[in-house]
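In what follows, a structure is listed as structure tokens, so that the remarks can point back to it.
Residue numbers begin at 1 in each chain, while the letters A, B, ... track the order of the sequences.
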Amino acid sequence: IAYALAGAKAKKYSYKRIPYWVFRQNGQVHIVAPSAGHLFTLSTDLKGYPVVDYRWVPRWIENRKSLFSKRFLELMEFLCKGAIAFINACDYDIEGSVIGFLVIMSFGNLRNAYRMKFSSLTITEIRNAFRNLSPLDWNMIEAGLCRHELDWLWGINLSRALSHIVSKALGKRLILSAGRVQSPTLTEAVRIITQRRLHIPEPLYYPKIFLELNGRMLTPEFTGKPFPNKAVLQSILMKIKYEPYAFVKSVDVHIKSLAPPHPFNLSDLQTEAYRLLRIGPARTQKVAEDLYLDALISYPRTNSQKLPPTLDNNSIMKSLSKMPKYTDLVRILMNEVRGVLKPNNGPKEDPAHPAIYPTGVLPKQLPPLHEKLYDIITRRYLATFSLPARIREIKVVLDIHGLNFVLKSVHIVNRGWLKYYPFIDLGPTVPEIAKIRKGMKLYVTKAQILTRYTSPPPPLTKLSLLKWMEHVGIGTESTRAEIIEILFKRQYLHSKGKRVEVSDLGIAVAYLLADLFPHIVDIGLTRKFEEYMELIREGRLKREVVVKEAKILIKKLIEEIKREERRAIEVLAKYLSTDTVKNPCPICGRERQGKYFCIFHEKALTRIRDNFLKWNSTGYDWQEYLEKIRSLKITGLWVREVAEFLLKNRLD
DNA sequence: GCAAGGTC
Ligand SMILES: [Zn+2]
């Protein structure tokens, strides 16, 4: 900002190792100094709940991990002493407004305070914002303060109530948490895992065919509907054995053009890092932040897929080409595009930051993972300026006694952007397939039946949870990965290899919250907050009114729970094996709900009964059916447990 | 000690 406003005339100083800049303009001295996110946080001295009294305190006092912010706060205090006017130049959003407001309120003077409004950190925008200073953006500040207070009220009160109830039921002290973003996320994880645990596979039969073509074995893909009945497929296979030929129904060749990839936003980077390096989203974010703090890449916590038109890509290319690894790639790219660098910007936007790009600062020796991520970011940056890749796709449709199969082969016509970002699997190239013509008759060397079982929803991963949060619009680029880690820290979730599992505690907390505080497990609470914030920003609603209402509602909910603590503990016993369980499920110890089992195993029993008919029609009797679903890995855990129980015990 | 949101 100092550079945009005064160029080289801005003089750099530092206080407690933090830089700030001073310049003169129109006879006035201006000082530009950085904050570091929120320097203040909400806090209370009160124990117990409900708690509705809180105040803003310096962040470093509240949390040992934010000690770094102390120096930034002291810098502000130091510089504000000699100043007469104050300008908030944080990102123009509700959080930026709160950050600046609290500094000016604490150390400056709100009656001589202004706001710079810019949507990107470009010289033009910054100069314009400075020339046209706005008065303090009170509505934006009010909206931001309101968001903080609401999240604090809901989060702290519900976390305390939840901790108390579960601690009491389990007879040990636990620190649990609930919140507007984490609780719907936990609920979604529980929903997916519940579906997986209740899954009963169904057998489906597929024909599998082997062809021989010029000495090469080919296995075309069956494109028809699978057969629920094995005998029907068997009779078709008999016909194939008598007349083992596949008829080439059609050969389609078409040229496909694949557009260059969009510049990275954080979640696209997290997706690619998981796909290519198998690292989780929080890890990717941390590594990207390290690269950013080393000035190697731009700000990573962005949703934007757009590179700004003002970005000097030519200089960046020049710098990148100094790295031996990229020298040739940059040269080829600059030739290919004839010196005109136009990125293939994507649709996603960010109110404050552009897409992620390498700055051109040359990295020194990086740790292996940092180096790999830097490489992916740099190659993606190169690729987005390149030309479309062109591929020729050959699709051969085969008819074998009325069954349709397809053979595919992919041939690259022009590699285009794939030269820079070659991490894409286009499918196999099979020269023999290119020689097949319509009307040909191919010899079938072997035909067999393949049994596959229907699968449950795909396993949960940190990335799939993050994508879900993004999809439903809760959390931000900065917080999503971190909030998933909180669910792990609370031991609601744990890892099983690359997969995420929910613990009994996690299941219990999700169901208990849904029963006691349905608002907090619903993404609708975020939508409600957004509506309030918008109305406050427009000046049509007052923060005091919203906060007062929230306090009344939360107090009412909490006091109700306090009065009905016994009921709450009973609700918990439905979902968690506790000492208060009177009539335990013989499998898991949760309170028995149906005739035999707990709520989950009872559901599994119902599903086992409901699905028997399908299996029976393919020749399994009850005993064989139970043994089969017990032995299949793909069967849901709760279903397997009930099948096991039924095989060993007799129900009335 | 508990949230979610900034960022070193
Ligand atoms: Zn059970």
Report task. Tell me what Tyr292(A) touches on the nucleic acid: a base, only sugar-phosphate, or nothing, going by heavy atoms under 4.0 Å. Result -> sugar-phosphate
Query raised in the report: If you pin His38(A) and Leu46(A) to their nearest nucleotides in DNA chain B, which one's is more 5'?
Result: Leu46(A)
Query raised in the report: Is any NZ, NE, NH1 or NH2 atom of the basic residue among Glu531(A) and Arg527(A) found under 4.0 Å from an Asp or Glu carboxylate oxygen of the other?
Result: no
Requested in this report: Could you check whether Glu482(A) gets within reach of a base, just the sugar-phosphate, or nothing at all, counting any heavy atom under 4.0 Å?
Outcome: base
Query raised in the report: From the 5' end of DNA chain B to its 3' end, which nucleotides mark the outer limits of contact with chain A, defined by a 4.0 Å heavy-atom distance cut-off (strictly under)?
Result: dG1(B) to dC8(B)
Query - Test: Asp294(A) and Lys364(A) ion pair at under 4.0 Å - result: no
Query - Arg380(A) charged N/C atom sitting above Phe264(A) aromatic ring, 6.0 Å / 45° - result: yes
Query raised in the report: Is it true that Arg480(A) and Glu477(A) make a salt bridge, defined as a side-chain N closer than 4.0 Å to a carboxylate O?
Result: yes
Query - Ion pair check, Asp522(A) and Lys528(A), cut-off under 4.0 Å - result: no
Query - Upstream residue (5' side of DNA chain B) when Gly179(A) and Ser478(A) are each assigned their closest nucleotide - result: Gly179(A)
**Report entry** Set of residues satisfying ring-ring contact (aromatic ring centres under 6.0 Å, His included) with respect to Phe86(A), sequence neighbours excluded
**Finding:** none
Query raised in the report: Base, sugar-phosphate alone, or nothing: which one does Thr41(A) contact when heavy atoms must sit under 4.0 Å apart?
Result: base
Requested in this report: Name the nucleic acid region contacted by Leu42(A), choosing base, sugar-phosphate or nothing; use a 4.0 angstrom heavy-atom cut-off, strictly under.
Outcome: base
Requested in this report: Identify, residue by residue, the members of residues 135-157 of chain A with a heavy atom below 4.0 Å from DNA chain B, and return them in order of residue number, or none.
Outcome: Arg147(A), His148(A), Asp151(A), Trp152(A), Gly155(A), Ile156(A)
**Report entry** Side-chain H-bond candidate by donor/acceptor type, Arg115(A) with Ser134(A), under 3.5 Å
**Finding:** no
Query raised in the report: Is Arg301(A) salt-bridged to Glu289(A), going by a charged N under 4.0 Å from an acidic O?
Result: yes
Query raised in the report: With a 4.0 Å cut-off on heavy atoms, is Arg490(A) in touch with a base, just the backbone sugar-phosphate, or nothing at all?
Result: sugar-phosphate
Query raised in the report: Heavy atoms under 4.0 Å, any strand shown: does Phe72(A) hit a base, just sugar-phosphate, or nothing?
Result: sugar-phosphate
Query raised in the report: In chain order, what residues pass the ring-ring contact (aromatic ring centres under 6.0 Å, His included) check against Tyr274(A), with sequence neighbours excluded?
Result: none
Query raised in the report: By a strict heavy-atom criterion of less than 4.0 Å, which residues belonging to residues 353-367 of chain A are in contact with DNA chain B?
Result: none
Requested in this report: Please list residues of residues 294-301 of chain A whose heavy atoms come under 4.0 Å from any atom in DNA chain B, ordered by number; otherwise none.
Outcome: Tyr299(A), Arg301(A)
Query raised in the report: Counting any heavy atom closer than 4.0 Å, what does Ser177(A) reach on the DNA or RNA strands: base, sugar-phosphate only, or nothing?
Result: sugar-phosphate
Query raised in the report: With distance as the sole test, does Lys562(A) use its side chain to make a donor-acceptor pair with the main-chain N or O of Tyr49(A) at under 3.5 Å?
Result: yes
Query raised in the report: Do the side-chain N and O atoms of Asp290(A) and His370(A) include a donor-acceptor pair separated by under 3.5 angstrom?
Result: yes
Requested in this report: May I ask you to decide whether Glu485(A) forms a salt bridge with Lys462(A), counting only side-chain N to carboxylate O separations under 4.0 Å?
Outcome: yes
Requested in this report: Answer yes if the ring centres of Phe118(A) and Tyr92(A) are under 6.0 angstrom apart, and no otherwise.
Outcome: no
**Report entry** Salt bridge present between Arg537(A) and Asp93(A) (N-O < 4.0 angstrom)
**Finding:** no
